[in-house]
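What follows is a single structure, written as structure tokens, with notes after it.
Remember, it's a predicted structure, so these values are computed and weren't measured experimentally. Each chain gets a letter, A, B and so on, in the order the sequences are listed, and its residues count up from 1.
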2 protein chains.
Amino acid sequence: MTFDQILVFHKIVELGSFKSAAAELNKTQPAISFSIKKLEEEMGVELFDRSLYRPTMTSHGRAFYERSSAIIISMKDLENLSKSFLQKEEPEIGFSLDGICLNPKLLKFVKSFSDRHPFTKLNLCIDTLSETERRVFSKECEIGMTHFIKEPQFLDVFPVDKVTMVPVMNKELLKEKKVKDQSDLLLIDQIVIGDKNPQGASFGLLEGGKKWRLLDNNFKKEIIFAGLGWGHLPLHNIEKELKEKKLVILEFEDIHPKDLQVNLIRHKKHQFGPVAKTLWDELIAFHQ
Amino acid sequence: MTFDQILVFHKIVELGSFKSAAAELNKTQPAISFSIKKLEEEMGVELFDRSLYRPTMTSHGRAFYERSSAIIISMKDLENLSKSFLQKEEPEIGFSLDGICLNPKLLKFVKSFSDRHPFTKLNLCIDTLSETERRVFSKECEIGMTHFIKEPQFLDVFPVDKVTMVPVMNKELLKEKKVKDQSDLLLIDQIVIGDKNPQGASFGLLEGGKKWRLLDNNFKKEIIFAGLGWGHLPLHNIEKELKEKKLVILEFEDIHPKDLQVNLIRHKKHQFGPVAKTLWDELIAFHQ
DNA sequence: AGTCATAATAAGTTTAATTTATCGTGTTCA
DNA sequence: TGAACACGATAAATTAAACTTATTATGACT
């Protein structure tokens, strides 16, 4: 059984005659007859009833038609994949996003981009601190979005956004501990993200204080909300809680809101495919 | 792109080498190399990385593999369909069941039979009165199950079951109308199923009474429950309601519970395929 | 270094698909 | 009703493809 035979069969059903199927498939009518004959021999039954003027599917033919439709569809999909390859589209690209840049609009854009490039698997990594830079440097990811850049000489860097990091703590905790100035903070746990890279710095670290180091971004917000300590969080993530006065902003000599520059980065020595290029361009356009 | 090429590709991935794939597919190694080369030419990319000793999928290869798996599965399905055809299995059979024979056990059996014959579409018709016989006679359905047989000379008839039809009415209605004997019933609507065949008789009809004729079995039970009239219902369908005394059985000269013989029927002059034969045999075994 | 295993390539062969030409049959329309 | 037309089956010839044998190159194993 050949895919070609199945295609011929479907074209006949679709167009209603051997001859028109032949024309559409750029073959002669006997070739069509022969294809169907071979198929019928292999199946051991007639698929078309020729006793009528127009060929009609037999009950066997109908059963075959139903079950072979899936193949036609899958095959079209594969041919689209082939076209995507011929256009040099990458089968897979990686995009590393620093957790502080996460916001619903951006995620919606990423989803839309992914949908518009169905043959490229978009691997999204939500990372912290040096991890995004490392992923881009090691070419695990084609594109990164982060504030943390240690070795810009190897990277294309394009500033796209600002994120305000605000040191906050739970209001109850503030009252309970009677925090008046920066030194009071030393007695309270600081919630920080630990960097996987041992040489990587942490952001906004208060020297001399106690620290809770989390391995990732997942629960930092919840832990600070719960009043287990203080820490920096992106302003756009906590606007609701600030308005409800559940959290208070800390303002001291070293500890106060700071704007972070967020950049798109990609490796200078990397050949990018059309999808990665488009993603880069669209990310820049998205932030203007 | 050929189905054969896809199969070759999958065999290589599965077995890890061109040579073993060749052996498994009863071809020589160059034939395998050639197939893959053609496929790669058409896709415009390399699917295997040959720089390592063992061929490894490239990222393009992995994308191709994922998207082509569906075709492998569909094709195996089609080949099973082909085997089913070669065993002369019917692509479709019809089974007409008189509504009075309906019960959960039988339906469960029919479901199980259908599952055990995935390549035969089992069309189940729930019919009434002469409809089952007509369907079998006209060869719309291979097998029927009914008490109603008018022209047994054309049919194989095999008795399998008895169904007790009991004339019942709502208890409230009985009290309200003070039904003491058969003549009292004439004043109450009789709920009967109308036969589609004009020559077909109805069952248990009380001459001279008022009648509600329903076109099918669907609401007869509900209508009698609701106290809109009296009528015959299969005992096995109303045991719960009799126990709860919501319905009462009518016992008069002509109107009283009657046992109906239920038979399997099939057309004498019909060539049956293996699935219809098996269904016939299993239905008989099921009722013993 | 030498042997074994794997895959690419080339040339020749076989098989399968396709075409041209022809025939019979059913349809259409004057 | 019969002539022109359309459709599909068949046969023979042609073309294209797939496959095989033989050979070479390269990595792996000892």
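Using the six-membered ring where Trp is involved, A/Phe272 and A/His270 have ring planes that are parallel, under 30° apart on the 30 and 60° scheme.
In the model, A/Thr146 has no side-chain atom that pairs as donor or acceptor with a side-chain atom of A/Thr132 under 3.5 Å. Looking at A/Arg116 and A/Ser112, their side chains do bring a donor and an acceptor atom within 3.5 Å of each other.
Within a 6.0 Å sphere centred on CD of A/Gln271, other residues, nucleotides and ligands contribute 12 heavy atoms or fewer. No more than 12 heavy atoms of other residues, nucleotides or ligands lie within 6.0 Å of NZ in A/Lys88, so this atom counts as exposed by the packing criterion. Residue A/Lys111 places its NZ atom among 12 or fewer non-hydrogen atoms of other residues, nucleotides or ligands, all under 6.0 Å distant.
Looking at every heavy atom in both residues, A/His267 comes nearest to A/Lys269 through ND1-N, 3.0 Å. Residues B/Ser74 and A/Ile71 come closest through the heavy atom pair CB-CG1, 3.2 Å.
Two residues are said to be in side-chain contact when any heavy atoms from C-beta on lie closer than 4.5 Å; A/Leu264 and A/Ile284 meet this criterion.
Chain A approaches DNA chain C within less than 4.0 angstrom (heavy atoms of the protein), and the contacting nucleotides run 5' to 3' from C/dA17 to C/dT27.
Partners of A/Asp49 according to the salt bridge (Lys or Arg N to Asp or Glu O under 4.0 Å) rule, which considers only residues two or more places apart in sequence or in another chain, do not exist here. Listed by chain and number, the residues in a side-chain hydrogen bond (donor to acceptor under 3.5 Å, both in side chains) with A/Lys27 are A/Asp4 (sequence neighbours excluded).
Recorded end-axis angle for the helix from C/dA1-D/dT30 to C/dA30-D/dT1 stands at 40°, based on five pairs per end and rounded to 10 degrees.
At whole-Å resolution of the value, CG in B/Leu25 and P in D/dA18 are 15 Å apart. Atom pair A/Asp49:CG and D/dG8:P shows a separation of 13 Å (rounding to whole Å applied).
Residues from residues 14-24 of chain A that place a heavy atom under 4.0 Å from any atom of DNA chain D, listed by number: A/Ser17, A/Phe18, A/Lys19.
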Polar pairs (N or O, both sides) under 3.5 Å between protein and nucleotides 10-17 of chain D?
residue : atom : partner : partner atom : Å
D/dT10  : OP2  : A/Lys37 : NZ           : 3.3

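The backbone N or O of B/Glu24 lies less than 3.5 Å from no partner atom in the side chain of B/Lys11, so there is not a single donor-acceptor pair.
Both B/Arg54 and A/Ala31 lie near DNA chain C, and the one whose nearest nucleotide falls closer to the 5' end is B/Arg54.
Among A/Phe9, A/Tyr65, A/Phe64, the single residue meeting the ring-ring contact (aromatic ring centres under 6.0 Å, His included) criterion with A/Phe48 is A/Phe9.
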